[in-house]
Structure formats: C-alpha cells, structure tokens
Protein chains: 2
Amino acid sequence: MVRQNLARRAALVDAAIEVLAAEGARGLTFRAVDAQAGVPTGTASNYFASRDELFTQAGGRIYERLQPDAQTIAESLSGPRDRERVVRLMIELVDRISAFTPGYLALLELRLEATRRPELRAVLTERIRADVEANVGYHLESGLPGDATSVELLYLAMNWLVVERLTLPDVFGEDKIRELVRQAVERILP
Amino acid sequence: MVRQNLARRAALVDAAIEVLAAEGARGLTFRAVDAQAGVPTGTASNYFASRDELFTQAGGRIYERLQPDAQTIAESLSGPRDRERVVRLMIELVDRISAFTPGYLALLELRLEATRRPELRAVLTERIRADVEANVGYHLESGLPGDATSVELLYLAMNWLVVERLTLPDVFGEDKIRELVRQAVERILP
DNA sequence: ACCGTAGTACTACAGATGGAGTGGTGTCAA
DNA sequence: TTGACACCACTCCATCTGTAGTACTACGGT
C-alpha cells in the first residue's frame, strides 16, 4: 500500500537529494535513501513505486530549495537599480547555491541522468525553462540594467562558475571567483 | 602481472570514457569496460590496479581528445583578427565538443566523482588549469580582441552552454544556442 | 471506557544480479 | 625455451528489489 505520511515523504525526497550528491545517480537506491533518512529498510519502497519516481520527485524538489527566501527577494527590491546592485545579487546567488552544495551537485547528477531517463528529462526541462524565464521576467520588471539576453548570459556564466567552485575549487580560488562574478556583470550588462 | 600492450591499454581507457558517459561514474567497473571494449572478462583487471586508476587515466585522456586538431588550429590563425572571427571560433568550439558528446559527459561525471576522489581531483585540477591557461595564452598571442578575463568569461559561458545543449537540449533550441554564442562574444569582448 | 479498523512502522526473507580478484591454460614470438 | 599476453573459469562477496507479514497507534463509533 502506498503511504500518505507527507512529512515522511518529504524527508525521504530530501534524503534522496543527499544521496544523489554523495553517491551519484546510480547510487540512488531505495536502500540508500532509507539509510540516509534514518528509517528502516524497506520504507522508501513503500513510498515510491520505482526508482524512476525517486528521480523525478527529487528533480521537482530541488528547485524549491534553491529558490531565494522571501527576505532575500525583498532586500533585492530596495535601493538603487544599478550594476553594482546586480553584482551583489550575483554574489548572493553564487553563495546561496554554494550553501546548498548537495542540492546543486544533485542537480548536476540529475542532468546527467536525464540523458538516460526521458521522464526525468521532461521534468527538468520544464523546471529549468520556468526558472530561466522567471529570472528574466524578474530582472526586466525590477528595472535593473540589462535585457533578456544579459540575464541569459549571466545565467550561463554563473552556473559554470558554481560548477568550478563546487567540483574543482582549486582551479579558480575564492578571490578569483568573486572577481569573475564582478567582471561578468560589468562586461555583460550594457 | 601488469600488461604492457599500449594499444590495448588505450582502447580500454577510451572504452572507460564511453562507459562513464553511458552508465555514470558508479557504472565504471572493470566488467563494464571489458564489455564496452569487446574484450574478455577480466582484461581490464589485468591492465589497471584499481578502479581509481581507471578514473584518473580517463581524466587524463579526455582532454587529449577534446583538443582541436592541427588543421583547425592552422585555420584559426589565418584571416582577420576581429570579433567575428572569435564568434566563429566559439561556434567551432561548441560544435567540436558536441561532436564528442560521450567525452564531455564523461568529463562532467569525472568532475562529480572528483568530489569523492582526491587523486582524481588533483589530476583534473591540473589538466583544466593548464587548459584555461593555454586558451588564455593562445588568445593573447594570436592578436584576437579581448584580455585574459574575456577568455575566462567566455570559458564559463561556453561550458554551461554545452551542458545545456547536451543534457537538456529543449531548454534552449539550436538557434538560440548559436545566438547566445554570438551574443556572449559581442558583449564580453571589448 | 471499550473496541474495531485503517494506516503505518518495522522486520524478515526469497530471489537474483553483478562485481572483484585470481589462478590457470593455451598461444605466439624472440 | 622463455616471457608476455589473451582468454577463460571459478569463488567469494556485497547489494538490490519486491513483497509478505507482524506490531503499533490513533481515531471514530458505541
């Protein structure tokens, strides 16, 4: 029988994210999720019909957890709308993502797994397209400098910057990363 | 006994790259390499002392195979040194990487695996740092427009663009990708 | 206060897969 | 003849899935 305990279901999905980051996509098994969540063996089996469901639900959940909280958004809407503000927003973005390292690594694992699972690919494509569009829309409405293309280019650069930082931190140092964020904004924005 | 047949060893490393792309890091096993290379079970065990060695050797090999060939380099050194040339170089870069999809996907798998294997992390850090430096050096010496930071920013943007293209091709379409390459160059270069 | 029922938590087991490591045999060439 | 190698076989071990079954808990009805 499929279990309905929503708190436990959420805890299992969060555990799945941790497992993805720590063990990779192929390590995402019912057993591993059980262990990570600290619940008895067999529990995840009772909550998810298949591994595929584990992947798609993790993919749906990660984006919720990577979003800025209300306070961060509110702060970003105050003050001058200049390039310096965008620099600070981007630094905040990179730091926020880095603070949820397992989530971002899990997202990369899911992207790679999406090349093998059509259903997961559909979920991620939908989420990420919406995220990019939301960022563009937010940026344009807020009166910050830069057009849609600027936002997309910043999206590209910031994403890979985070990849570098999280996977091979010694390629660029911390200082260099901050500097690259600043330079990216200053050169990409008109 | 450790085997010395270099041709076969190379074939096994190349097979390892294919396995990484197709099965993920955790799927990189001696058995899987044997199967991919079409050699009898147990062969990879005779050539590599451990899975770790398989990872590091794959990491070392991928970058050789992602480099442009001599002809491409020669062509890039002829003609005018303007932004349009850089646009074409970047499009060539993105297409060349996309043409070796398993290699790039394997590299992503290796980056993720590097968060768990210090030895692999050291190898990749070394290779990638050298690659970035080489690109910067090449760019500056060739008289193309743009400074070191420009090259680094293009590196960031192009890498994630390839990630998008290879993992979730429907987020941006093909045309959009070309357009983003062009826009990246035009905005990042002075 | 009692009891039945539904939904869960937890345990256990059956069945199956797949991989690591190693030893041995046959082959070929110097 | 000797050394290196291709190929094959076998043992041991770790792990996963799927499901059945038991124990617990809360809650509504009486």
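Below, chain A is the first sequence line, B the second, and so on; all start at residue 1.
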Peer 1: Dot-bracket for DNA chain D, please, read 5' to 3', with Watson-Crick or G-U wobble pairs under 3.5 Å on both distances, ( ) within the strand, [ ] crossing, | other strand, . unpaired.
Peer 2: ||||||||||||||||||||||||||||||

Peer 1: Minimum heavy-atom separation for A:Leu77 and A:Ser142, please, with both atom names.
Peer 2: CD2-CB, 4.4 Å

Peer 1: Where along residues 24-32 of chain B does a heavy atom come under 4.0 Å from DNA chain C, residue by residue in number order?
Peer 2: B:Thr29, B:Phe30, B:Arg31

Peer 1: Nearest 0.5 Å, please: how far is CG in B:Leu105 from CG in B:Leu166?
Peer 2: 5.5 Å

Peer 1: Are A:Tyr47 and C:dA9 close enough that a side-chain N or O sits under 4.0 Å from OP1 or OP2?
Peer 2: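 It does, given that an N or O in the side chain of A:Tyr47 lies less than 4.0 Å from OP1 or OP2 of C:dA9.
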
Peer 1: Just to verify, what does B:Glu174 make a salt bridge (charged side-chain N to carboxylate O under 4.0 Å, His left out) with, not counting sequence neighbours?
Peer 2: B:Arg165

Peer 1: After noting the C-alpha distance and the side-chain angles of A:Arg26 and B:Glu23, does the key distance pass the salt bridge (charged side-chain N to carboxylate O under 4.0 Å, His left out) rule?
Peer 2: CA-CA 8 Å; A:Arg26 199 151 161 159; B:Glu23 309 288 339; 3.1 Å; yes

Peer 1: Separation of B:Leu6 atom CG from D:dA4 atom P, in whole Å?
Peer 2: 14 Å

Peer 1: Would one find a side-chain N or O of B:Asn5 under 4.0 angstrom from OP1 or OP2 of D:dA6?
Peer 2: yes

Peer 1: Between CG of A:Asp82 and CZ of A:Arg88, what distance do you get to the nearest 0.5 Å?
Peer 2: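 So the CG of A:Asp82 and the CZ of A:Arg88 are separated by 7.5 Å.
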
Peer 1: How many angstroms lie between OH in B:Tyr104 and OG in B:Ser98, if you round to the nearest 0.5 Å?
Peer 2: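 Interatomic distance, B:Tyr104 OH to B:Ser98 OG, rounded to 0.5 Å: 9.0 Å.
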
Peer 1: Using heavy atoms and a sub-4.0 Å distance, could you list which residues of residues 52-60 of chain A are near DNA chain C? By number, please.
Peer 2: none

Peer 1: Give, for atom CG of B:Leu54 and atom OH of B:Tyr47, the distance between the pair rounded to the nearest 0.5 Å.
Peer 2: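 That separation rounds to 13.5 Å.
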
Peer 1: What contact category does B:Thr41 fall into here, base, sugar-phosphate, or nothing, at under 4.0 angstrom with non-hydrogen atoms?
Peer 2: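 Result for B:Thr41 = base.
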
Peer 1: If you count the non-hydrogen atoms of other residues, nucleotides and ligands that lie under 6.0 Å from CG in A:Asp69, is the total more than 12?
Peer 2: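 Yes.
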
Peer 1: Of all the choices, C:dA9, C:dA20, D:dC7, which nucleotide is nearest to the side chain of B:Arg8 once you look at every atom?
Peer 2: D:dC7

Peer 1: Who are the side-chain contact (heavy atoms from CB on, under 4.5 Å) partners of B:Phe100, not counting sequence neighbours?
Peer 2: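 Expected list: B:Ile17, B:Arg65, B:Leu66, B:Pro102.
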
Peer 1: So if I define the base as every atom that isn't primed, P, OP1 or OP2, how would nucleotides 25-30 of chain C read as a B/S/- string at a heavy-atom cutoff under 4.0 Å?
Peer 2: ------

Peer 1: To the nearest 0.5 Å, what is the distance between CZ (B:Arg127) and CG (B:Leu110)?
Peer 2: 12.0 Å

Peer 1: Strictly below 4.0 Å, N to O, side chains only: are B:Glu179 and B:Arg182 in salt-bridge contact?
Peer 2: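 Result for this pair is no, no salt bridge flagged.
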
